[in-house]
Every structure is written in C-alpha cells, then in structure tokens.
Amino acid sequence: MRFSKTFLPTTKEAPKDAVLPSHIYLVRAGFVSQIGSGIYNFLPLGKIVLDRIRAIVKEELDKAGCQETQLGFVTPLSLWDESGRSAKFGSELLRFKDRKNNDFVLSPTNEEAMVDLVRNRLTSYKQLPQNLYQINTKFRDEARPRYGLLRGREFLMKDGYSFHESYEDLDREYDLMQKTYSKILDRLGLDFRVVEADSGAIGGSGSREFMVLADNGEDDIVVCGSCEYGANIEAAKRVKKEYQHKVLELKEIHTPESKTIDELAEFFSLPKTQFVKAVAKKAIYEDKDEVVIFFIRGSEELQETKACSFVGAIELIDADESELENPGFIGLDIAGVRKVVDIELKDEENLITGANKQDYHLQGYSLKGKEFEYADLVTVREGDKCVSCGGELSITKGIEVGHIFKLGDRYSKALDATFLDRNGKRVPYIMGTYGIGVSRLVAVVVEQSHDEKGIIWTKNSSPFEVVVIISDIKKDDQRDFGEKLYEDLKAKGVRVALDDRGERFGFKMSDFELIGIPKAVIVGKKLKDGEVQIVKRATLEKIDVKTDEVMQRVLEL
RNA sequence: CGGAGUGUAGCGCAGCCUGGUUAGCGCACCUGGUUUGGGACCAGGGGGUCGAAGGUUCGAAUCCUUUCACUCCGACCA
C-alpha cells in the first residue's frame with residue numbers, strides 16, 4: 001500500500017470527547033471515525049486490522065473443527081418471543097417494522113436464529129456434535145455507549161453455538177473452546193486471564209470470561225498471586241474468614257439511634273465482624289416481585305450479582321423503607337419474608353443482629369444448627385485467600401473480550417429443538433455458546449499497547465509488518481531505492497507499506513509513531529553513504545544498516 | 001433511565017452574559033515562492049443554512065419556547 005494514494009486522514013488533534021488511548025489514537029491515526037453514538041466507520045487501515053483479527057479468529061476456530069456460517073443481521077421478532085427473550089432484552093433490542101408491518105429486530109446475539117437453523121435438520125444423535133459460528137455485525141441499543149470501540153452499539157462479534165447429545169460432550173467442547181480462545185488471544189499478543197464468571201441468571205453449569213488486563217477496564221477481576229485462579233468479582237470465591245469474638249449472653253439490648261453497622265460497632269465497642277448486616281432488596285422476576293433480606297457479616301459488602309443469581313431474579317433493586325418493618329433493626333428471626341444468609345455465617349455464634357423491634361438489637365445470637373437458605377453472598381476483597389491454593393488474592397481491571405458458556409437445554413427446550421437419542425427418545429440439544437468481540441479486540445490491542453506518541457501494534461494485529469519511509473520524495477536516489485525495496489519486500493511476501501507522500505521527514509516520522517507499524521525503514525540522508533535505518537516502533541531505536549543488507553535485516557527482525 | 005453539559009468552516013475553539021457594520025482565531029485545504037532528518041516559513045486565497053423549527057424585536061449566533069443530536073457522571077450491560 002502506497003500512503004500517497006491511501007485515504008489516511010491523520011490528525012494532530014484528538015476528538016474532544018475521547019478519553020481512552022485506544023479511542024484517541026484510533027481516530028487520530030485514521031483507523032476509525034464516529035458516525036453516530038456508538039457507531040463507527042472503519043477506514044482503510046482500520047479495516048485491514050479488523051480483517052486480520054477476524055482472519056485469526058476464523059483460522060483457529062476452523063482448526064478446532066468449527067464451521068463458519070452467516071445468519072441474517074435482521075431477525076423476526078417472533079423468534080425472540082418464542083424464547084422469551086424479547087422482554088428480557090428490553091430496549092437494548094432494536095425493533096422495527098417492515099412495509100408489511102411485520103416486526104423485526106437487529107440481532108444483538110443469535111441463539112434463537114442458530115437454534116432455528118438447526119432444529120428439524122439435526123434430528124439424530126448421529127449428526128451431533130456440531131459447532132457453528134459466524135463473525136457478523138451485532139447491534140445492542142446500549143443505554144450509554146462509550147469508550148469508542150470498546151462499548152459501541154454496533155460491533156463485530158464472533159458468536160458460536162455448539163449442539164451435543166450429552167453434558168459430557170458439551171464439557172469436552174467447552175474445554176476445546178477455552179483452549180482455542182486462548183490461542184487466539186495469544187496470537188494477538190494480549191495479556192489476559194480466563195476467569196470464572198457469573199452464570200446464574202441464564203442457568204447452565206459454567207461460564208468463563210476472557211479478560212484482557214488493562215487499567216481502563218470496566219470489569220473488576222480477582223486474581224490469585226500464587227496460582228492460575230481468576231474470577232470476575234461478581235463470581236469470585238474466597239476461603240472463609242474466621243474470627244475470635246467475645247462471648248455474649250443472649251439478650252435484647254436497647255440501641256436507640258443505632259441503625260448502621262458503624263453506629264452499632266461504636267455503641268457496643270465491638271468489631272464490625274461480630275454484627276449481622278441485613279440488606280433488604282426487592283427482587284424483580286418476570287412475573288412478580290418480592291422483598292428478600294440478605295444477611296451478611298457487618299464488615300462485608302453484598303455482591304449483588306451473586307445475590308441476584310441465587311434467587312433467580314432478573315434484577316435486584318433497593319427496597320423502599322416503607323416496605324419494611326423496623327428498618328435498621330431487622331434481624332435473622334424476622335418472619336414473613338424470604339431470607340438468605342451468607343454461607344460464612346453458618347454455625348457462627350455470639351453475633352449481634354436486629355431484634356425486629358424498634359430501637360432494639362439482639363446480642364449473643366447463635367446460628368448453630370439453624371435452618372436457613374445459605375448462599376455465597378459477599379464481595380471478595382483485596383488480600384482475601386484463594387480457594388484453590390490459599391494464596392493472596394488481588395483485584396485488577398479487565399476488559400471482557402470473550403465469553404464461553406454452558407447453556408444446557410435452555411434454548412433448545414424453549415424453541416422445541418430436539419433430536420432422537422440412542423434410545424430413540426426425543427430430547428432437546430445440550431448447547432454451549434461462545435463469543436468473541438472482534439471489533440472490541442482492535443481497541444483492546446491499542447489499550448494494552450501504546451505510548452505517548454501513538455499505537456504500537458503487535459506483530460499479528462498490525463496492518464503491516466514494515467513501512468518503507470522515503471524521507472524526501474524529490475530526491476531521485478531515495479525514491480528509486482525506496483520503491484525497489486518496497487517491491488522486493490512485497491515479492492518476498494512481506495506485508496509492507498510505502499510512505500511516499502510529499503511531506504517532510506518529521507511529519508512522516510510522527511505519523512509512523514502514531515500509526516504504530518512495528519518497524520520502519522528510513523530511506524534518507526545516509527543513502528549517500530550506502531546506509532538506511534531500521535526503526536523499531538516499540539523502542540524507537542534506530543539501527544544503521546548497509547543498503548545491501550537491508551532486505552535480510554528486515555526479514556530477520 | 002436519573003443528573004450535568006455541549007452544538008459556530010473538515011478538526012479544535014472564541015464570540016452569547018450586556019442583541020447592532022461584512023461572524024473571528026489556530027490546525028487542515030488551494031495557488032506561488034523559499035525550505036527539506038523530527039508535525040517549516042512568507043505572500044495570497046477558498047470554505048459558514050451559527051444543530052433544527054417557531055417566537056420576541058426595527059434588528060437575533062446572542063433573548064424566549066419547542067425539538068433533535070452528541071458527550072460526561074451514575075444506574076444498566078445474556
């Protein structure tokens with residue numbers, strides 16, 4: 001590619017609203033441009049990068065035996081009604097009508113469409129397993145798009161769906177997909193962790209996210225310093241914490257004005273860990289709602305996603321005080337309402353909890369042998385201990401670029417998609433679903449690999465391996481040498497670009513640093529002495545090279 | 001969805017509060033010249049429905065109303 005003939009609008013100034021490096025540089029370097037809120041155009045260079053990443057995804061998936069398909073971007077709303085998800089997705093699902101007044105949606109994901117494609121076609125266990133995928137545009141009408149390509153409304157995603165006759169076979173495919181996804185991210189040169197994720201709301205037995213470590217990530221992830229354990233904060237586990245508490249006689253204590261844990265800890269002069277915090281939430285289900293009280297240790301924070309998954313609600317909202325009796329004094333013995341108790345409180349003694357009576361708390365409370373719904377409810381903290389090795393956990397930021405999920409029969413059942421098993425019995429497919437955000441990966445690479453001058457593409461994500469920069473296009477010797485080197489490199493199969501624009505040297509160097517191609521050959525002043533320079537983008541180190549060695553040096557670097 | 005902002009040339013901004021010639025500035029762009037290893041300099045030039053609609057006024061980028069778009073903080077995000 002010759003830059004002199006390329007649509008490559010680089011700018012000195014960043015878009016005023018861009019905050020993240022990936023957003024700023026991708027726009028400044030002429031890779032993408034915004035056309036609407038959360039909607040981006042890919043310019044020639046951006047399209048090359050997007051296609052390269054797409055190609056790597058496809059290559060690894062095909063190697064793993066997956067088959068590429070392409071589903072319609074527009075799907076009939078009726079399919080979403082059939083699975084029950086049109087309500088669940090809410091206004092994130094962009095709906096519209098055609099001229100005949102039929103309802104359609106822009107696909108935000110394609111479980112329904114893929115199940116519809118195979119049902120009545122994969123009718124025997126002999127035809128299973130199958131893993132079908134597509135790399136296609138998705139649209140989610142996000143309430144608040146932001147961060148450039150990282151959270152757009154329209155984006156390119158690979159979504160795959162596997163169909164199995166048994167859970168054992170699903171497990172095998174799930175592991176294979178984890179390996180395959182890891183290979184893809186490795187090839188892109190990304191620093192990532194595979195973490196346990198919440199899988200409650202949608203059901204199913206397992207869910208893992210692929211998190212690229214980045215300061216600007218939107219997700220908090222818990223990682224172990226001593227082993228491979230990692231989990232989204234929403235699903236992270238820890239070793240139970242033990243405490244030695246002062247023995248307390250069982251009795252009601254008058255505690256006026258003391259409602260919060262802080263106030264109580266001061267009132268009793270006891271550690272917060274000895275108290276039981278009651279967190280009242282209203283759980284919203286598809287067909288009803290109810291108040292649920294979650295009880296956790298006073299020193300802990302409720303992890304809402306865990307709580308929500310456990311009760312199987314669509315979402316939890318704060319309960320209104322008017323819906324509660326004795327707010328501030330709610331205790332474990334409250335009646336007439338659903339209660340869930342944190343598993344770390346099981347069999348604990350000498351606790352202080354509300355007395356379910358205005359201005360009173362109950363001390364010396366024991367949970368020994370008491371029947372409650374117990375569940376893991378608390379948020380893991382920095383410094384907690386790892387469940388798999390006992391090591392110290394720390395919290396870091398990540399960007400989710402992939403998600404694999406054991407779906408089970410949720411969609412196949414809802415859509416009545418079945419096959420005949422070995423016993424001639426009609427059963428629903430056992431399914432897995434696997435996604436990678438392809439356009440998001442473009443931004444993620446930049447997020448993880450840039451400096452104050454611009455992008456530093458990794459080897460396999462870069463639009464080109466090398467750019468030949470002709471310092472002064474008006475000098476015949478420089479132009480001739482640069483052109484020949486460019487043609488020779490192309491002939492060797494190197495992905496090479498030629499910066500033959502009539503700009504000054506400094507301009508072209510700044511663009512090189514901004515655009516981020518891993519290396520450049522500068523054909524300039526030193527050509528008279530039989531030398532050119534090779535520059536590495538990552539270090540900006542310049543190496544003088546004899547003109548007759550440059551081919552070889554470029555190839556080996 | 002709650003809160004807060006911003007819309008003036010391709011991009012970044014000033015002007016608006018306190019209405020009044022022909023709406024400015026920097027970058028970018030075009031022409032000519034001089035430069036040529038770190039985003040050059042000189043001279044000349046082109047480009048605007050001031051987001052849109054309505055209103056007040058002799059007169060509106062400026063005041064009022066409505067509306068659209070975009071952004072930020074939060075909530076949300078299989």
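Side-chain atoms are counted along with the backbone in the values below, which use heavy atoms only and exclude waters and symmetry mates. No experiment lies behind these values; they were computed from the predicted model shown. Letters A, B, ... are given to chains in the order of the sequence lines, protein chains preceding strands, and every chain is numbered from 1.
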Under the salt bridge (Lys or Arg N to Asp or Glu O under 4.0 Å) rule, collect the residues that match up with R119(A), sequence neighbours excluded. E82(A), D116(A)
Listed partners of F89(A) passing ring pair (Phe, Tyr, Trp, His ring centres under 6.0 Å), at least two apart: W80(A)
Identify each atom pair where a protein N or O and an N or O of nucleotides 4-8 of chain B are less than 3.5 Å apart, giving names and distance.
from	atom 1	to	atom 2	distance (Å)
U6(B)	O2'	K16(A)	NZ	3.4

Which residues pass the ring pair (Phe, Tyr, Trp, His ring centres under 6.0 Å) test with Y429(A), not counting sequence neighbours? F163(A), F419(A)
Integer angstrom distance from the P of C64(B) to that of G5(B): 14 Å
State which residues pass salt bridge (Lys or Arg N to Asp or Glu O under 4.0 Å) with E531(A); sequence neighbours excluded, sorted by chain then number. K546(A)
Sorted by chain and residue number, the salt bridge (Lys or Arg N to Asp or Glu O under 4.0 Å) partners of D416(A) (sequence neighbours excluded) come out as R426(A)
Sugar-phosphate or base contact per nucleotide [nucleotides 35-46 of chain B; S, B, -; heavy atom under 4.0 Å]: BBBBBB------
Looking at residues at least two apart in the chain, or sitting in another chain, which of them share a salt bridge (Lys or Arg N to Asp or Glu O under 4.0 Å) with R172(A)? D169(A)
Output every pair passing side-chain hydrogen bond (donor to acceptor under 3.5 Å, both in side chains) with a member in residues 211-220 of chain A, not counting sequence neighbours, ordered by first then second residue. R151(A)-E218(A), N216(A)-E447(A), D220(A)-K397(A)
Lys/Arg N to Asp/Glu carboxylate O, D472(A) vs K474(A), below 4.0 Å: no
All N/O contacts under 3.5 Å from nucleotides 72-74 of chain B to the protein, with atom names and distances to one decimal?
from	atom 1	to	atom 2	distance (Å)
C72(B)	OP2	R144(A)	NH1	3.4
C73(B)	OP2	R144(A)	NH1	3.4
C73(B)	OP2	R144(A)	NH2	2.5
C73(B)	N4	R144(A)	NE	3.4
G74(B)	N7	R144(A)	NE	3.4

Contacts of Y181(A) that satisfy ring pair (Phe, Tyr, Trp, His ring centres under 6.0 Å) - sequence neighbours left out: F210(A)
Taking only residues two or more places apart in sequence or in another chain, which ones pass ring pair (Phe, Tyr, Trp, His ring centres under 6.0 Å) with Y133(A)? none
